[in-house]
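Let me begin by presenting the structure, written as structure tokens, before commenting on it.
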Amino acid sequence: MPPGYWPDPADDPGVRPGREPLALVTPDGAVVRGILWTPPGNAPWRTAVALGHPRADFSVHYLAPLLAAAGYAVLGFATRYVNNDTDCLHELLVVDTEAVVAELRRRGSEAVVMLGNSGGGSMFALAQARRALGDAFVALAAHPGEGVFMLQVVDPSVIDESDPFSVDPTLDMYDAGNGWRPWPQPSSYAPAWVDRYRQAQRDRVARIDAAARVALEDREQAKESMASVVPGGDDWNRLRRRRVHARYLTVYRTLADPAYLDPAIDPDDRSLGTIFAFPDPLDANYGYGGLGRVMTARGWLSTWSGLSSAAAMADTMPGVSVPTLVVHATGDTEIRLHQARAIHDASGADDRTYVEVAGADHYLRGRRKEAVGLLVDWLRSRVP
């Protein structure tokens with residue numbers, strides 16, 4: 001079981017919730033699998049919690065048994081893109097989420113809580129803003145969008161997208177001249193350099209976006225040209241290949257946030273480093289870690305581009321008008337205090353609450369029962 005997931009002895013609720021595996025088929029034929037957790041002893045329930053993530057299997061999320069023990073049904077699920085978001089389209093994640101909520105309603109749920117943890121926050125915020133699926137919304141250790149997160153971590157020193165070792169030394173966070181110090185010493189980057197770095201991150205994402213759009217435009221142009229040629233001929237055959245061609249983007253070095261090494265950047269309770277590599281984030285930036293490393297053109301634009309994805313919570317949260325709870329772990333190495341507070345501030349709900357769990361990490365290890373307690377207290381005054 002990967003870190004952050006149940007079972008962990010510390011998270012044992014001390015009772016045996018019910019568990020039922022489910023396989024749902026969406027209207028467009030995708031399969032969404034999950035586990036429906038229910039209160040122990042077949043106790044009746046009136047409110048259900050939907051728990052999902054764009055690519056992770058949340059059917060065994062650590063919150064599921066704890067919330068079931070508190071009297072809620074919980075449907076933790078895996079989307080059509082589980083463990084592989086190469087062609088992830090957030091617009092279709094909305095379809096998957098809608099199927100999950102519809103199943104909970106079919107089973108008699110009087111209220112549905114959309115609980116978005118980590119990348120599930122932006123996925124559910126998009127679904128709620130577009131479909132108004134749930135009766136309450138919770139963002140737990142949620143980042144402001146997968147694409148927005150990529151803007152924070154993509155390495156702007158890459159000067160040749162085909163060369164994983166190409167480096168502009170003036171933008172290299174691992175160059176001593178820019179303030180880097182060998183692990184485990186903290187680095188110290190000048191604010192002006194950080195500002196330049198952040199702009200260069202946006203510039204790199206814009207260049208990748210441009211390449212992705214060219215690839216998609218080429219498909220469309222081939223589709224239009226096919227209408228003017230003889231079906232089955234040589235030109236038609238050539239154009240048909242271009243019409244269906246899916247260009248894959250290889251995006252090297254996608255874990256290079258200077259805040260990983262410099263605690264003076266957006267100070268909070270986090271430790272040095274990242275949850276994606278230990279001990280030194282360089283290992284994930286150049287090695288097997290990272291995010292969005294291989295993407296289709298359309299998958300990149302829909303999911304990992306902070307300039308193009310529709311799943312940015314700054315854009316979707318104003319459309320979330322149901323009671324909203326934002327819970328931020330102040331020791332999270334990936335999500336900054338100002339980002340969590342901005343998610344709360346952007347909410348379109350009249351009833352909105354912001355809570356910080358001091359010192360907790362991204363997975364709330366050692367603090368999960370505390371988090372469930374505050375979540376349950378908040379829910380009991382708002383849903384059945």
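A quick note: this is a predicted structure, and the numbers were derived from the prediction, not measured.
Val205 and Gly306 get closest at one heavy-atom pair: CG1-N, 4.2 Å. The shortest non-hydrogen separation linking Tyr72 to Pro39 is O-CD, 3.8 Å. Annotation for Arg80 and Ala30: closest pair CZ-CB, 3.2 Å, computed over non-hydrogen atoms. Here the closest heavy-atom approach between residue Val82 and residue Ala56 is recorded as CG2-C, 4.3 Å. The heavy-atom pair separating Gly177 from Asp175 by the smallest distance is N-OD1, 2.7 Å.
Looking only at distances, a side-chain donor or acceptor of Gln201 sits under 3.5 Å from a matching main-chain atom of Gln152. Arg219 places a side-chain N or O within 3.5 Å of a backbone atom of His245 that can act as its donor or acceptor partner. Panel note: side chain Thr97, backbone Leu93; a donor-acceptor pair is recorded below 3.5 Å. Within the 3.5 Å criterion, the main-chain N or O of Met317 finds no donor-acceptor partner in the side chain of Ser347. Side chain of Asp172 to backbone of Ser157: no donor-acceptor contact under 3.5 angstrom is found. Side chain of Arg367 to main chain of Ala358: a donor-acceptor pair is present (N/O by atom type, distance under 3.5 Å, no hydrogens or angles). When atom types are taken as modelled, the side chain of Trp193 and the backbone of Thr170 share a donor-acceptor pair closer than 3.5 angstrom. Remark: side-chain polar atoms of Thr296 are paired, donor with acceptor, to backbone N or O of Gly299 under 3.5 angstrom. Remark: side-chain polar atoms of Arg19 are not paired, donor with acceptor, to backbone N or O of Ile35 under 3.5 angstrom. Between the side chain of Thr79 and the backbone N or O of Pro54 there is at least one donor-acceptor pair closer than 3.5 Å.
For Glu217 and Arg213, the salt-bridge test fails: no basic side-chain N is under 4.0 Å from an acidic carboxylate O. Salt bridge present: Glu20 and Arg107 bring a charged side-chain N and a carboxylate O closer than 4.0 Å. A salt bridge links Arg105 with Asp135: at least one charged nitrogen is closer than 4.0 Å to a carboxylate oxygen. Residues Asp257 and Arg336 are paired through a salt bridge, judged by an N-O separation under 4.0 Å between the basic side chain and the carboxylate. For the pair Arg243 and Glu224, the salt-bridge criterion is not met [side-chain N within less than 4.0 Å of a carboxylate O].
A donor-acceptor contact closer than 3.5 angstrom links the side chains of His362 and Ser118. A donor-acceptor contact closer than 3.5 angstrom is absent between the side chains of Asn117 and His53. Side chain to side chain, Tyr197 and Gln199 fail the donor-acceptor criterion of an N or O pair below 3.5 Å. Side-chain contact, Asp155 with Asn285: a donor N or O sits under 3.5 Å from an acceptor N or O. For the residue pair Ser302 / Glu91, a side-chain donor-acceptor distance below 3.5 Å is found, with atom types taken as modelled. Between the side chains of Thr26 and Asp96, not a single donor N or O lies within less than 3.5 Å of an accepting N or O. For the residue pair Trp378/Thr353, the side-chain donor-acceptor check at 3.5 Å is satisfied. Checking Asp269 against Thr330 by side-chain atom types alone, a donor-acceptor pair falls below 3.5 Å. With hydrogens and angles left out, the side-chain atoms of Thr250 and Glu161 include no donor and acceptor closer than 3.5 Å.
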Steps toward salt bridge (Lys or Arg N to Asp or Glu O under 4.0 Å) verdict (Arg298, Asp87)
CA-CA 7 Å; Arg298 66 180 188 175; Asp87 191 38; 2.6 Å; yes

Mind running side chain to side chain contact (heavy atoms under 4.5 Å, CB included) on Asp332 and Arg270 for me, showing each step along the way?
CA-CA 6 Å; Asp332 197 324; Arg270 70 184 184 275; over 6 Å; no

Would you check, one step at a time, whether the test salt bridge (Lys or Arg N to Asp or Glu O under 4.0 Å) holds for Asp11 with Lys369?
CA-CA 7 Å; Asp11 304 325; Lys369 289 183 177 179; over 6 Å; no

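Put simply, the side chain of Val372 reaches to within 4.5 Å of the side chain of Leu67, judged on heavy atoms. Within the 4.5 Å cutoff, no side-chain heavy atoms of Leu115 are placed close to those of Val74. A heavy-atom distance below 4.5 Å is not found between the side chains of Leu51 and Leu75. Within the 4.5 Å cutoff, no side-chain heavy atoms of Ser305 are placed close to those of Ile208. You'll find the side chain of Gln128 stays beyond 4.5 Å of the side chain of Thr324, heavy atoms only.
Take Pro40 and apply the side chain to side chain contact (heavy atoms under 4.5 Å, CB included) test, not counting sequence neighbours, and it matches Val15.
Taking a 6.0 Å sphere around CG of Asp377, one finds it holds more than 12 heavy atoms contributed by other residues, nucleotides or ligands. Under a cut-off of 6.0 angstrom, the local environment of CG in Asp28 is crowded, with over 12 non-hydrogen atoms contributed by other residues, nucleotides or ligands. Atom CZ of Arg196 is surrounded by more than 12 heavy atoms from other residues, nucleotides or ligands within 6.0 Å.
Seen from the ring of Tyr81, Arg55 does not count as a face-on cation partner, given the 6.0 Å and 45° thresholds.
Using a 30° and 60° split on the angle between ring planes, Tyr354 and His328 fall in the parallel class, below 30°. Ring orientation note: the planes of Phe278 and Trp183 are nearly perpendicular, at an angle over 60° on the 30°/60° scale.
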